[in-house]
Chemist: 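What follows is a structure written as structure tokens; I'll ask about it next.
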2 protein chains.
Amino acid sequence: MPVTLRPGQALGLWRSVLLAQVLDDAPDLTTRQMAILLTIYLDPPPHTIRGLAAKLSVTKPVITRALDTMGAMKLVSRHRDEADRRNVLVRRTVEGSLFVETIGDTIIAKARDLPT
Amino acid sequence: MPVTLRPGQALGLWRSVLLAQVLDDAPDLTTRQMAILLTIYLDPPPHTIRGLAAKLSVTKPVITRALDTMGAMKLVSRHRDEADRRNVLVRRTVEGSLFVETIGDTIIAKARDLPT
DNA sequence: CGTATTCGTTTCGGGTCCGTATCAAGCTAG
DNA sequence: CTAGCTTGATACGGACCCGAAACGAATACG
């Protein structure tokens with residue numbers, strides 16, 4: 001059973017979730033950072049810099065810098081791959097799981113309250 | 001009939017729409033810019049700088065700069081209020097309507113293709 | 001071995017955004 | 001007419017992001 005939205009509903013949902021993020025005290029992540037974060041939390045591991053860059057069609061420095069920022073926020077963590085020490089494996093954190101979960105809750109709540 | 005989403009669906013929808021924006025050639029708008037744009041296109045006019053700043057709980061320079069950027073992209077336009085020439089009225093544009101409509105289409109498409 | 005290749009990071013110059021404070025123009029009331 | 005308020009724009013210093021290129025470390029391969 002597909003999820004069916006009318007144009008006004010789709011845009012209204014989008015806006016109310018964005019608005020919740022703007023009103024929140026938490027510093028906004030950029031569109032790219034958010035896409036990276038959700039990829040890490042929704043796609044199965046392992047996640048490498050190169051793999052993330054390919055999935056989003058961005059350059060590697062974009063991933064490195066995004067991980068710097070989100071790492072400082074404790075939303076993700078980095079670890080050397082002991083099997084091939086050139087690789088860096090990106091892992092989830094407790095704080096990041098909570099953060100992503102909260103976003104999901106917001107989307108669900110705003111979708112539920114959508115005018116019919 | 002409310003729109004019901006499960007956590008995985010909500011986050012998957014959010015990610016796929018963000019991903020579509022990242023992959024698109026169009027330069028990403030910031031979270032705030034997008035929230036401002038959708039407010040202009042979803043809420044009834046007239047829209048003033050002060051009013052938008054209050055609705056989003058941000059300072060006026062944030063609105064001014066966002067309108068500078070989005071104005072350069074032709075997504076919105078500014079006009080003096082002839083009744084009270086201190087005010088600036090923000091109006092929609094044809095390009096902006098198209099842009100917003102495209103976003104709505106993307107959301108609807110991604111929602112339809114969501115796994116059950 | 002030693003040379004190539006791969007991986008992630010860093011550097012560079014340039015651009016945008018932020019919050020605070022300040023500004024000029026326009027309105028309003030005494 | 002003028003003092004005071006409102007409105008939106010601007011200046012400033014600091015922070016972040018971008019793409020391209022160069023970099024060191026680790027691995028692959030002849």
Side-chain angles (χ1 to χ4, degrees), chain A residues 18-19 21-40 45-91, chain B residues 18-19 21-40 43 45-92:
Chain A
L18 287 181
L19 196 53
Q21 291 180 8
V22 170
L23 294 178
D24 202 335
D25 286 340
D28 297 349
L29 296 179
T30 67
T31 303
R32 290 173 171 204
Q33 288 169 346
M34 189 66 81
I36 293 168
L37 186 69
L38 290 181
T39 296
I40 294 168
H47 298 288
T48 65
I49 308 295
R50 177 190 72 268
L52 290 169
K55 255 178 208 168
L56 302 190
S57 283
V58 296
T59 59
K60 287 186 296 176
V62 168
I63 306 295
T64 292
R65 283 184 295 245
L67 293 183
D68 287 345
T69 301
M70 295 192 290
M73 300 180 194
K74 310 238 186 248
L75 299 180
V76 296
S77 67
R78 273 190 267 219
H79 305 271
R80 274 286 160 199
D81 180 355
E82 288 304 327
D84 182 343
R85 295 183 53 76
R86 287 174 302 182
N87 290 329
V88 165
L89 302 180
V90 183
R91 291 218 285 257
Chain B
L18 288 180
L19 196 54
Q21 292 179 7
V22 171
L23 294 177
D24 203 335
D25 286 340
D28 299 348
L29 296 179
T30 67
T31 303
R32 289 172 171 203
Q33 287 168 346
M34 188 67 79
I36 293 168
L37 185 70
L38 289 181
T39 297
I40 294 169
D43 282 359
H47 297 288
T48 65
I49 308 294
R50 175 145 193 70
L52 290 169
K55 254 178 210 169
L56 303 190
S57 285
V58 297
T59 58
K60 286 188 295 177
V62 169
I63 306 294
T64 294
R65 284 184 297 245
L67 293 182
D68 288 344
T69 301
M70 296 191 289
M73 300 180 193
K74 311 237 185 250
L75 299 180
V76 297
S77 67
R78 273 191 266 219
H79 304 271
R80 275 283 162 202
D81 180 355
E82 288 306 326
D84 182 343
R85 295 184 52 77
R86 287 174 301 183
N87 291 329
V88 165
L89 302 180
V90 183
R91 291 218 284 257
R92 304 164 185 170

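So that the names make sense, note that chain A is the first sequence line, chain B the second, and so on, each numbered from 1. Keep in mind that the numbers below use all heavy atoms, side chains included, and drop hydrogens, waters and symmetry copies.
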Chemist: How long is the line joining CZ of A:Arg50 and C1' of D:dT27, in whole Å?
Modeler: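 Interatomic distance, CZ of A:Arg50 to C1' of D:dT27: 13 Å.
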Chemist: Would you mind reading off the distance between A:Leu56 atom CG and D:dC18 atom P, rounded to a whole angstrom?
Modeler: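 Computing the A:Leu56:CG to D:dC18:P distance gives 11 Å.
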Chemist: Check DNA chain C against residues 59-70 of chain B and give the residues with a non-hydrogen atom under 4.0 Å, in numerical order.
Modeler: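 Result for residues 59-70 of chain B: B:Thr59, B:Pro61, B:Val62, B:Arg65, B:Thr69, sorted by number.
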Chemist: Checking the side chain of B:Arg92 only, and the main-chain atoms of B:Val76 only, is there a donor and an acceptor separated by less than 3.5 Å?
Modeler: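 No; zero donor-acceptor contacts below 3.5 Å.
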Chemist: Does B:Arg86 have a side-chain nitrogen or oxygen under 4.0 Å from the phosphate oxygens OP1 or OP2 of D:dA9?
Modeler: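 So the side chain of B:Arg86 is outside the cut-off, no N or O lying under 4.0 Å from OP1 or OP2 of D:dA9.
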Chemist: More than 12 heavy atoms of other residues, nucleotides or ligands under 6.0 Å from CZ of B:Arg91: yes or no?
Modeler: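 Check fails, neighbour count at 12 or below.
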Chemist: Roughly, in whole Å, what's the span from CE in A:Met34 to C1' in D:dC17?
Modeler: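 Answer to the nearest Å: 16 Å.
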Chemist: Just how far, in rounded Å, is P of C:dC7 from CD of A:Glu82?
Modeler: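 The answer, rounded to whole Å, is 17 Å.
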Chemist: Is any side-chain heavy atom of A:Met73 closer than 4.5 Å to one of A:Thr69?
Modeler: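 They are in contact (side-chain heavy atoms under 4.5 Å apart), so the answer is yes.
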Chemist: B:Ile49 has an atom CD1; how far is it from atom C1' of D:dA9, in whole Å?
Modeler: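 About 9 Å, once rounded to whole Å.
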Chemist: Can you find a side chain N or O atom of B:Asn87 that sits less than 4.0 Å from OP1 or OP2 on D:dG8?
Modeler: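 For D:dG8, OP1 or OP2 has a side-chain N or O of B:Asn87 closer than 4.0 Å.
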Chemist: Determine: side-chain N/O of B:Gln33 to OP1/OP2 of C:dT16, distance under 4.0 Å, yes or no.
Modeler: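 Indeed not, no polar side-chain atom of B:Gln33 lies that close.
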Chemist: From the list D:dC17, C:dG8, D:dG19, which nucleotide is the closest neighbour of the side chain of A:Thr48?
Modeler: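 Between D:dC17, C:dG8, D:dG19, the one nearest the side chain of A:Thr48 would be C:dG8.
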Chemist: Which residue, A:Thr30 or B:Leu89, contacts DNA chain D at a nucleotide closer to its 5' end, judged by nearest heavy atom?
Modeler: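 First, find each residue's nearest nucleotide; the 5'-ward one identifies B:Leu89.
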Chemist: For A:Ile36 and C:dG8, give me the distance from atom CD1 to atom P, rounded to whole Å.
Modeler: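 So the two atoms are 13 Å apart, to the nearest Å.
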Chemist: Closer than 3.5 angstrom, by distance alone: can the side chain of A:Ser57 be matched with the main-chain N or O of A:Ala53 as a donor-acceptor pair?
Modeler: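 Not at all, since once roles are kept as given, no pair shorter than 3.5 Å links the two residues.
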Chemist: Rounded to the nearest 0.5 Å, what separation is found between the CG atom of A:Leu29 and the CD1 atom of A:Ile36?
Modeler: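 With rounding to 0.5 Å, CG (A:Leu29) is 9.5 Å from CD1 (A:Ile36).
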Chemist: Rounded to whole angstrom units, what separation is found between the CG atom of A:Asp84 and the P atom of D:dA25?
Modeler: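 In whole Å, D:dA25 P and A:Asp84 CG are 16 Å from each other.
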Chemist: Could you tell me whether A:Asp81 and A:Arg86 make a salt bridge, using a distance below 4.0 angstrom between a side-chain N and a carboxylate O?
Modeler: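 Answer for the salt bridge query: no.
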Chemist: For C:dT6, does OP1 or OP2 lie under 4.0 Å from any side-chain N or O of A:Arg85?
Modeler: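 No, A:Arg85 has no side-chain N/O under 4.0 Å of OP1/OP2 on C:dT6.
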Chemist: Roughly how far, to the nearest 0.5 Å, is OG1 of B:Thr31 from CG of A:Asp24?
Modeler: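 Atom-to-atom, A:Asp24:CG and B:Thr31:OG1 are 11.5 Å apart.
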Chemist: Using a heavy-atom cut-off of under 4.0 Å over every strand shown, decide if A:Arg80 touches base, sugar-phosphate, or nothing.
Modeler: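 Nothing, no heavy atom under 4.0 Å.
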